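Read through the structure below, which is laid out as structure tokens, and then see the notes.
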Amino acid sequence: MRWSQAFIPTLREVPAEAEAASHRLLLRAGYVRQVSAGIYAHLMLARRSLLKIMQIIREEMNAIGGQEFYLPSLNPAELWRESGRWDAVDVIFKLKDRAGHDLCLGITHEEEMTNIARGELRSYKQLPQIWYQIQSKYRDEPRPKSGLLRLREFFMKDSYSFDLDEAGLDVSYDKHVQAYTNTFKRCGVRALFVEAFSGMMGGSVSGEFTAPTEAGEDFIAISECGYSANLEKAVSGLAPVEDPVGNESPETIATPGQKTIEDLVRFTGERPERMIKTLVYVVESEPVVILMRGDHALSETKLSAALGTAVFRPATPEEAFKLHHAHLGSLGPVGLASTGHAKVRILADKALEGRRDMTTGANQDDMHLRHVTPGRDFQAEYRDLRAVAEGDPCIKCGKPLELVKAVELGHVFKLGRRYSKAMHANVLDAAGKEVEIVMGSYGIGVERILTAAVEQNHDKDGMFLPKSIAPFQVILTAANMDDAPLREAGEGLYKQMLAEGVEVLFDDRDERPGVKFKDADLIGVPYRLTLGRRKFEQGQAEILVRSTKQVQDVSLERAVQALKQHLLS
RNA sequence: CGGGGCGUGGCGCAGCCUGGUAGCGCGCUUGCCUUGGGCGCAAGAGGUCCCCGGUUCGAAUCCGGGCGCCCCGACCA
């Protein structure tokens, strides 16, 4: 393609609204333009790149036996009512047709795929099946952000596996892990496969592919030994804590004005790991007391899993006072029954199990209790509620965990029978018995691959995309278009590259060299072949590797072959 | 949903507080000039000042309401 005829609206100045590097660069490099919050028009460069990404995904899905479908985005409400998601999911775009029927735009397609499966799959002999599509998804996000990172309309590759039993599902799941690993590798993005939080939907297994980058929204805990997990799911070991050996009874101590754990540490000289932090949540309108070690943070995701509901919030100070007859900062678990709520539920993080002689609030303002031993002085349900912190020992190898920011690129999920049960998708097994199909669902965010690639591969001058997903492989820059022989040589090289199947963008514009170099640096094409007057007169051109800015002189005759070497490497 | 910021030619911004001719840089068009890192000179085109209402002789500017966008947090099937 010739730049003189291409629509590549590069910007010199950074659009004011762009914060994330990928957002800034995709706008500046003329890849995308914003239509509305979380809605973007893909221009020529973005489209070329995304088509390449989709093709890689397609090839890898086909390689594991996936069959490509295309299901409509416009879905009738009935199926979503059957699965229970119509009311349960709040990001669904809902609409009505002229007859008043409810419709929605697909957020994923479990319902539609299961609907096809239940109508057509009758026998275990037809299993396993893997069906996938690459298609637009719509989500009414509370807060779209960071350019193409969190969109309201986006491309997803979503696939669904149908197996007779768990063993079959394991195979389908592993195949997807393999396909995803290959996909991200081929796309040139650095991705980690991590354990993920599988939500409240049936205690299933799920894994996430995440790309470490500053613009990420998730935190991933990583250990040297290979253990890695989303912070929502991550667990860690704990350094042992020594509690006093005595067996003293709880004793009230005056702690005027001491509210936070920090205050208490200063006031008592005791360490924070020797204290119990008391939180109050309102769970479906009932108060629940949550106990954490003084230096530990609550993970609301883990709390959600422990409670089996997402309907909860921290109690207001007034609500907490009502329960404890004391203000925040002086709350504690001891004697809660006697304050009026005989049956208040108390959840304690596992790190408190087996501990003794700790310090906590006394349920009287400006008072705390010491010598408090869990199990003896109060009863609680012990659950893993703690958010792992940087430096906690890895549960597998004991080395300190590192926390990194990452973008979620894909999610693989063992659904089990949730949808087949709700929607009655059954087959006959070998014994002639009707059984529910065991399902998996698997997603990849297509734009996020491009976004992550930009985040991971940019510098002050622009981006350098991996050659597998760059919109063009080579940009041919003729620095001096007014020089007739040089221009002719450029035309020749351009035609030669086209003939040899090199995807080349020929910058044949009548611009000054500076402008062309700046634009070439910006738009992410991995190799630049430059024709400049001085070297051209000696029969030479130069190849610039955009990622490293390394320059190599080549003769005009050898230039295209040399480029092809780079492209193959 | 809570907090903060912003809406003025295509892009980046000033003007608003203190009401009175809508301005700057970049980009765009034309001509000359220049040609290895966003040249120079000159002449031009281009704006419902987000929308609606109010105050006023007069509103980009003051007041009320609305819409949109960005950021932080909450949320994220």
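Since the model is a prediction, treat every value here as computed from it, not as a measurement.
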Between CD of Glu19(A) and C1' of rC70(B) the distance, given in whole Å, is 8 Å
Please state the C1' separation for the pair rG9(B) and rC63(B) - nearest whole angstrom. 28 Å
Taking only the P atom of each, what is the distance from rC28(B) to rC11(B) in whole angstrom? 15 Å
Between the side-chain atoms of Arg528(A) and the base atoms of rG37(B), is any donor-acceptor pair under 3.5 Å? yes
Under a 3.5 Å cut-off for both distances, is rC49(B) Watson-Crick or wobble paired, and to whom? none
Gln34(A) side chain N/O closer than 4.0 Å to the phosphate oxygens (OP1, OP2) of rC70(B)? yes
Could you check whether the side chain of Arg28(A) and the base of rG38(B) have a donor-acceptor pair of N or O atoms closer than 3.5 Å, going by distance alone? yes
When all nucleic acid strands are considered with a 4.0 Å heavy-atom cut-off, which category describes Asp483(A): base, sugar-phosphate, or nothing? nothing
Between Thr108(A) and Glu511(A), which has a closest nucleotide on RNA chain B that is more 5'? Glu511(A)
Would you tell me if any nitrogen or oxygen in the side chain of Arg143(A) comes within less than 4.0 Å of OP1 or OP2 on rC1(B)? no
Report the C-alpha separation of Lys137(A) and Ile107(A) in whole Å, then their side-chain angles, then the decisive distance to 0.1 Å, and conclude whether the side-chain contact (heavy atoms from CB on, under 4.5 Å) test is met. CA-CA 5 Å; Lys137(A) 296 289 183 277; Ile107(A) 53 168; 5.8 Å; no
Between the base of rG12(B) and the side chain of Glu17(A), is there a donor and acceptor pair under 3.5 angstrom? no
Any side-chain heavy-atom pair from Lys233(A) and Glu208(A) closer than 4.5 angstrom? no
Scan Glu110(A) against the nucleic acid and name what it touches under 4.0 Å (heavy atoms): base, sugar-phosphate only, or nothing. nothing
Result of checking Leu45(A), Val504(A), Val502(A) against Phe472(A) for side-chain contact (heavy atoms from CB on, under 4.5 Å): Leu45(A)
Quote, to the nearest angstrom, the C1' distance that separates rC52(B) from rA59(B). 15 Å
Residues Arg143(A) and Glu217(A) bridged, charged N to O under 4.0 Å: no
In whole Å, what separates the P atom of rG68(B) from that of rC57(B)? 35 Å
Reckon Asp90(A) touches a base, only the sugar-phosphate, or nothing at all at heavy-atom distances under 4.0 Å? nothing
Which residue lies toward the 5' end of RNA chain B, Pro15(A) or Glu232(A), if each is placed at its nearest nucleotide? Pro15(A)
How far does the P atom of rG12(B) sit from the matching atom of rC71(B), given to the nearest Å? 14 Å
Decide yes or no for Leu307(A) and Arg345(A): does some side-chain heavy atom of the first lie under 4.5 Å from some side-chain heavy atom of the second? yes
Roughly how far apart, to the nearest Å, are rU18(B) and rC70(B) at atom C1'? 30 Å
Is any side-chain nitrogen or oxygen of Ser36(A) closer than 4.0 Å to OP1 or OP2 of rG68(B)? no
By the 4.0 Å heavy-atom rule, please label Thr301(A) as base, sugar-phosphate, or nothing. nothing
Spacing of the C1' atoms in rG25(B) and rG65(B) (rounded, Å): 36 Å
Could you tell me how far apart Tyr281(A) (OH) and rC75(B) (C1') are, to the nearest whole angstrom? 13 Å
Criterion ring pair (Phe, Tyr, Trp, His ring centres under 6.0 Å) against Tyr180(A), the qualifying member of Tyr173(A), Tyr132(A), Phe209(A): Phe209(A)
Separation of the P atoms in rC49(B) and rG44(B), to the nearest angstrom: 25 Å
For a quick test of reading the model: is some side-chain N or O of Arg512(A) closer than 4.0 Å to OP1 or OP2 of rC39(B)? yes
